[in-house]
Amino acid sequence: MESVNAALDRVWPAQLRTGRLLLRPVTREDGSLVRELLTDGRVRAYLGGPVTEERVAARQAAYPTTAGAFTVVRVTDQRPVGLVTIGADHRCEGRAEVSYQLLPAAWGEGLGREAVAAAVSWWTDAVPGGGPLVAVTQKANRASCRMLEAIGMTVVDELDEYGARHCLYTPAVDQEDSDLRWVRLLAARRDAVERRRGAKARATAAGQSLPDDLAALAPEELARLCPARHGAYGRICARMADHTPDLHLGRAQDGAWIAWLTTAESS
Ligand SMILES: CC(C)(COP(=O)(O)OP(=O)(O)OC[C@H]1O[C@@H](n2cnc3c(N)ncnc32)[C@H](O)[C@@H]1OP(=O)(O)O)[C@@H](O)C(=O)NCCC(=O)NCCS
């Protein structure tokens with residue numbers, strides 16, 4: 001499959017027009033927009049907080065040469081109001097990720113929806129073999145989640161990153177079983193990464209040190225065993241309530257509890 005960067009090189013630069021917006025490649029003249037976005041506590045509330053001066057300068061230099069980085073311009077007053085970027089997703093090779101940020105003065109008017117929907121459709125049309133693109137956002141970032149849902153994206157996974165729970169969204173597709181296939185594909189990719197990192201050995205060692213009677217464990221011990229990333233390979237889950245233990249918790253041949261996932265059995 002063509003890499004995201006190779007596909008971007010092929011289809012970039014691009015310019016997109018919507019009812020109220022123009023999305024065009026970021027230029028050096030957008031430096032003040034980049035600064036405003038990166039240093040605003042509201043914009044950065046779910047993105048790790050305002051960044052340092054050094055990082056502002058680095059981003060100001062990098063954006064204009066980054067394929068897939070659009071400045072969002074409000075057509076009525078020609079004001080740049082945000083950025084939407086499509087780039088390679090660092091979590092999964094070959095997959096594209098869309099990210100977005102608008103100045104607070106432009107929030108709440110549906111502009112985010114308009115801009116992100118345009119970028120997503122552009123990518124889907126321009127790179128038909130590119131596979132489903134993703135958006136990853138903190139679960140607590142309600143505006144971002146609602147915006148993605150409003151443009152027809154659905155959550156296919158949850159993950160912990162930078163100390164916070166995140167939702168992974170992808171555009172909903174027509175075929176009935178596509179969502180399911182996409183979830184399985186993601187799980188398989190994640191399993192492969194986990195396996196390479198030695199998850200099975202770690203999980204097995206941890207599982208074998210568990211007592212037979214899980215009820216003997218204190219709640220905080222159970223919580224430690226189960227970081228709630230259910231279904232991911234190598235994560236031991238020993239809680240009984242609100243779970244489907246047979247999916248991911250089993251016993252090793254010697255009878256000890258062990259992380260369990262059917263797709264990982266052959267490793
Ligand atoms: C996410 C963001 C781009 C949304 O832009 P926007 O133009 O305000 O979005 P829209 O107006 O198209 O839609 C926002 C939706 O969230 C809702 N919303 C807006 N602010 C909200 C808030 N503080 N809490 C809950 N919902 C909120 C709106 O009502 C709308 O939902 P609805 O269609 O169900 O009514 C903007 O909030 C932003 O730039 N945030 C900071 C950067 C960021 O967090 N980016 C996400 C990176 S992963």
Side-chain angles (χ1 to χ4, degrees), residues 4 16-24 26 30-52 55-56 58-60 62-63 66 68-92 95-124 132-172 186 229:
V4 173
L16 318 176
R17 184 72 164 82
T18 69
R20 293 174 291 172
L21 302 170
L22 170 72
L23 276 70
R24 51 139 180 93
V26 180
D30 295 320
S32 58
L33 168 74
V34 172
R35 169 181 297 282
E36 269 188 85
L37 290 168
L38 289 177
T39 55
D40 190 301
R42 293 163 292 174
V43 176
R44 304 290 304 170
Y46 300 99
L47 298 169
V51 310
T52 60
R55 186 132 177 81
V56 169
R59 298 307 302 158
Q60 284 173 324
Y63 269 122
T66 303
F70 290 102
T71 293
V72 180
V73 179
R74 192 166 47 202
V75 172
T76 46
D77 56 4
Q78 290 297 306
R79 178 147 164 60
V81 292
L83 297 170
V84 173
T85 306
I86 290 187
D89 176 18
H90 66 89
R91 303 167 198 86
C92 184
R95 197 168 65 185
E97 178 182 10
V98 61
S99 44
Y100 40 85
Q101 43 194 309
L102 296 186
L103 294 172
W107 291 359
E109 299 168 31
L111 295 180
R113 216 173 310 172
E114 206 168 306
V116 177
V120 170
S121 313
W122 166 71
W123 179 257
T124 310
L133 147 160
V134 299
V136 177
T137 190
Q138 267 195 40
K139 204 171 179 177
N141 190 348
R142 293 317 301 155
S144 177
C145 292
R146 287 181 63 147
M147 190 206 76
L148 292 172
E149 281 150 21
I151 63 168
M153 294 182 83
T154 46
V155 180
V156 291
D157 197 9
E158 288 192 10
L159 47 143
D160 292 317
E161 270 183 4
Y162 313 112
R165 196 78 179 148
H166 284 71
C167 292
L168 187 146
Y169 283 85
T170 193
L186 280 174
R229 187 169 160 185

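We count ligands from 1, going down the list as the structure has it; atoms in each ligand are counted the same way. Below, each value reflects all heavy atoms present in this structure, side chains not excepted, and no hydrogens, waters or symmetry copies.
Within a 4.0 Å radius of atom 23 (N) of ligand 1, the protein contributes no non-hydrogen atoms. Atom 28 (C) of ligand 1 lies below 4.0 Å from none of the non-hydrogen atoms of the protein.
In this structure, Tyr100 counts as a contact residue of ligand 1, since one of its heavy atoms falls inside 4.0 Å of the ligand. Using a 4.0 angstrom heavy-atom cutoff, Ser99 does not count as in contact with ligand 1. The closest approach between Leu103 and ligand 1 stays at or above 4.0 Å for every heavy atom of the residue.
In terms of protein heavy atoms, atom 7 (O) of ligand 1 is closest to Gly112 N, 2.8 Å. Counting protein heavy atoms only, atom 34 (O) of ligand 1 is closest to Arg146 NH2, 2.6 Å. At the top of the distance list for atom 14 (C) of ligand 1, counting protein heavy atoms only, stands Ala143 O, 3.9 Å. The nearest protein atom to atom 25 (C) of ligand 1, hydrogens excluded, is given as Arg142 CB, 3.6 Å; this is a heavy-atom distance. Shortest contact from atom 11 (O) of ligand 1 to any protein heavy atom: Gly110 N, 2.8 Å. When hydrogens are left out, the protein atom nearest atom 41 (C) of ligand 1 is Val43 O, 3.4 Å; that is the closest non-hydrogen contact. Atom 36 (C) of ligand 1 has as its closest protein heavy atom Trp107 NE1, 3.4 Å. Among protein heavy atoms, atom 1 (C) of ligand 1 sits closest to Ser144 CA, 3.7 Å.
Residues Leu168 and Leu159 form a side-chain contact, since some pair of their non-hydrogen atoms from C-beta on lies under 4.5 Å apart. Within the 4.5 Å cutoff, no side-chain heavy atoms of Val26 are placed close to those of Thr66. Side-chain contact between Arg95 and Val4 is absent, with no heavy-atom pair separated by less than 4.5 Å. Side-chain atoms of Tyr162 and Leu47, non-hydrogen and from C-beta on, never get closer than 4.5 Å to each other. Side-chain contact between Tyr63 and Thr85: present, with at least one pair of heavy atoms (C-beta onward) separated by less than 4.5 Å. Contact annotation: the side chain of Leu133 never approaches that of Thr124 to less than 4.5 Å [non-hydrogen atoms, C-beta and beyond].
The closest heavy-atom contact to atom 44 (O) of ligand 1, among the options Asn141, Thr137, Leu111, Val84, comes from Asn141. Of the candidates Gln138, Arg113, Met147, Glu114, Arg113 brings a heavy atom nearest to atom 33 (O) of ligand 1.
The two residues Val81 and Leu33 make their nearest non-hydrogen contact at C-CD1, 3.9 Å.
Here Val136 has backbone heavy atoms under 4.0 Å from ligand 1, and that is the only part of it that gets that close.
Checked by distance only, ligand 1 and Gly108 come closer than 3.5 Å through their nitrogen or oxygen atoms. Between Leu102 and ligand 1, at least one pair of N/O atoms sits closer than 3.5 Å.
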Acceptor/donor pairs from residues 72-80 side chains to any protein atom, 3.5 angstrom cut, sequence neighbours excluded:
unit_1	atom_1	unit_2	atom_2	d
Arg74	NE	Asp77	OD1	3.2
Arg74	NE	Asp77	OD2	3.3
Arg74	NH2	Asp77	OD2	2.8
Asp77	OD1	Arg79	N	3.1
Gln78	NE2	Val75	O	3.2

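Asn141 contributes atom CG, which lies 15.5 Å from atom CZ of Arg165 (distance to the nearest 0.5 angstrom). Rounding to the nearest 0.5 Å gives a distance of 9.0 Å between OG1 of Thr154 and OH of Tyr169.
Checked against ring pair (Phe, Tyr, Trp, His ring centres under 6.0 Å), Trp122 has the following partners two or more places apart in sequence or in another chain: Phe70.
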